[in-house]
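What follows is a single structure, written as structure tokens, with notes after it.
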Amino acid sequence: MPELPTPPGAEGILRLHLLPDPAYIARWDRILVGGGLKARLLNYALFALTARDGLDPVRLPVHGLALLAGPPGTGKTTLAGGLADRVARELGGQEVLLVEIDPHRFPSQLLGETQRAVAGLFQRTLPDLAARGKPMVVLLDEVETLAVSRERASLETNPVDVHRATDALLAGIDSAARHPNLLLVATTNFPEGLDRALLSRADLIEEMGPPPSEVAIEILRDTLDSVGAADGQPLERVAVLAAGLDARSLRKLVLKAIVSRRQLALEPSGVGAADLEAVLRGEAATRPARRDG
Ligand SMILES: Nc1ncnc2c1ncn2[C@@H]1O[C@H](COP(=O)(O)OP(=O)(O)O)[C@@H](O)[C@H]1O
Ligand SMILES: [Mg+2]
């Protein structure tokens, strides 16, 4: 079992996982994005984890922080885990420790509790784990919960403690940067709300959006293939009708088509492009007219 027990008192840690793990391969291979994003992300991770030690931080400041930004369902969280697995494979099967942080797990932002927990995470828990010497990928999922922009935050909606939590996170990222075997991968659904100081620390910021149509077709094909549906179906029209849908919704479209008919529910390999089109047309017909044009 590559899942490890979480250290006692380690607030905010969701899971520790030792990679490579065959169960993680799909998290890299089956997340399809255009524009060379995955190659850049992998190159960056390999560089940050292998070359950072010898670098002069003034001449080439590498914080060891990558940020994946975009709407829900575009693959940010899945790809971050897949990246850690892929790095382990690229490093010749060397073990990589994946540490998943869930900001929603921190205690309430009242009374400075979040600030204390974030400080504890970065000053004790992560350094202790990094001291084991393995390359380490730390996934800070939905980081906007912690790094609310101090400029945009009104004191009314964001009490002083939120500002302190952001400060604690920034200080934590700076101290994480001192561990050359530690790579932070943050995700956000809401980059506009992120603190500028966090954005400026990121070495790599990648935007993940709804897939362009050629990628949407690949995702639909991969989903159809997973239920054994016939190969080579023409999916171009489906992709046009589905334009703007995020990748998760594209995969769920196949599910909707399957459950739209009892016969397909019992024999899902019979699902085809026409079924997907029927679902999309039905949804278009019932979708309320958009008021904003
Ligand atoms: N780019 C993508 N390519 C293929 N499938 C995707 C992609 N993005 C999301 N998915 C599907 O949606 C699921 C949820 O994605 P997730 O990583 O949770 O998105 P996010 O973190 O951006 O909200 C994935 O497990 C996968 O099934
Ligand atoms: Mg996510």
Side-chain angles (χ1 to χ4, degrees), residues 12-15 17 19 21-42 45 65-87 98-106 137-148 183-194 198 202 204-229 233 235 238-239 242-259 268 271 276 279-280:
I13 291 198
L14 189 62
R15 241 187 318 268
H17 217 97
L19 301 171
D21 174 351
Y24 272 62
I25 293 177
R27 297 184 193 208
W28 180 261
D29 287 352
R30 305 291 175 177
I31 296 297
L32 306 173
V33 289
L37 187 157
K38 283 167 70 178
R40 282 193 299 278
L41 187 60
L42 180 58
L65 170 65
L67 178 67
L68 301 177
T74 51
K76 303 179 299 295
T77 305
T78 311
L79 194 60
L83 172 70
D85 186 70
R86 189 58 199 260
V87 164
L98 172 65
V99 183
E100 291 179 65
I101 310 290
D102 179 0
H104 302 285
R105 288 214 166 192
F106 286 114
V137 173
V138 179
L139 167 56
L140 273 173
D141 212 12
E142 304 192 3
V143 70
E144 68 271 16
T145 344
L146 288 177
V148 177
L183 175 69
L184 288 166
V185 181
T187 77
T188 179
N189 294 324
F190 185 50
E192 309 78 35
L194 280 187
L198 177 86
L204 181 78
I205 299 179
E206 293 287 354
E207 298 272 348
M208 302 186 52
S213 82
E214 69 279 7
V215 178
I217 289 173
E218 267 188 87
I219 292 170
L220 289 169
R221 260 193 222 301
D222 185 58
T223 314
L224 288 170
D225 180 63
S226 74
V227 294
Q233 304 198 35
L235 294 167
V238 180
L245 284 189
D246 62 74
R248 178 196 264 145
S249 305
L250 283 171
R251 290 196 186 274
K252 297 258 190 205
L253 173 63
V254 175
L255 178 62
K256 284 182 183 172
I258 288 170
V259 303
V271 69
L276 304 181
V279 171
L280 288 167

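As the structure lists them, so they are numbered: ligands from 1, and atoms in each ligand from 1.
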Val87 vs Leu183, side chain to side chain contact (heavy atoms under 4.5 Å, CB included): CA-CA, chis, key distance, verdict: CA-CA 11 Å; Val87 164; Leu183 175 69; 5.7 Å; no

Min N/O separation [X] to ligand 1 under 3.5 Å:
X	value
Arg251	yes
Gly75	yes
Leu32	yes

In the protein, what heavy atom is nearest to [atom], and what distance, to one decimal place, separates them?
atom	value
atom 12 (O) of ligand 1	Arg248 CB, 3.2 Å
atom 4 (C) of ligand 1	Arg30 O, 3.2 Å
atom 7 (C) of ligand 1	Ala247 CB, 3.0 Å
atom 25 (O) of ligand 1	Thr78 OG1, 3.5 Å
atom 21 (O) of ligand 1	Thr77 OG1, 2.8 Å
atom 22 (O) of ligand 1	Lys76 NZ, 2.6 Å

Selection from Gly73, Gly82, Pro71 by shortest heavy-atom distance to atom 23 (O) of ligand 1: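 It is Gly73 whose heavy atom sits nearest to atom 23 (O) of ligand 1.
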
Structural part of Val33 in contact with ligand 1, heavy atom criterion under 4.0 angstrom: side chain

Ligand 1-proximal atoms of Met208, by part, heavy-atom distance under 4.0 Å: neither

CZ/Arg30: more than 12 non-hydrogen atoms of other groups inside 6.0 Å: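 Not buried by this count: 12 neighbours or fewer within 6.0 Å.
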
Test side chain to side chain contact (heavy atoms under 4.5 Å, CB included) applied to Leu184 and Val138, step by step: CA-CA 5 Å; Leu184 288 166; Val138 179; 3.6 Å; yes

Metal environment of the Mg ion (ligand 2), protein N/O/S under 2.8 Å: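 Sorted hits: Thr77 OG1.
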
Close approach of Ile219 to ligand 1, heavy atoms, under 4.0 angstrom: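 The answer is yes, since Ile219 has a heavy atom less than 4.0 Å from ligand 1.
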
Intermediate values then yes/no, side chain to side chain contact (heavy atoms under 4.5 Å, CB included), Leu253 and Leu280: CA-CA 8 Å; Leu253 173 63; Leu280 288 167; 3.8 Å; yes

Distance-only side-chain donor-acceptor flag, Glu100 / His17, under 3.5 Å: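 Judged by distance alone, the side chains do not pair up.
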
Minimum heavy-atom distance Asp29-Lys38, with the two atoms named: O-NZ, 4.0 Å

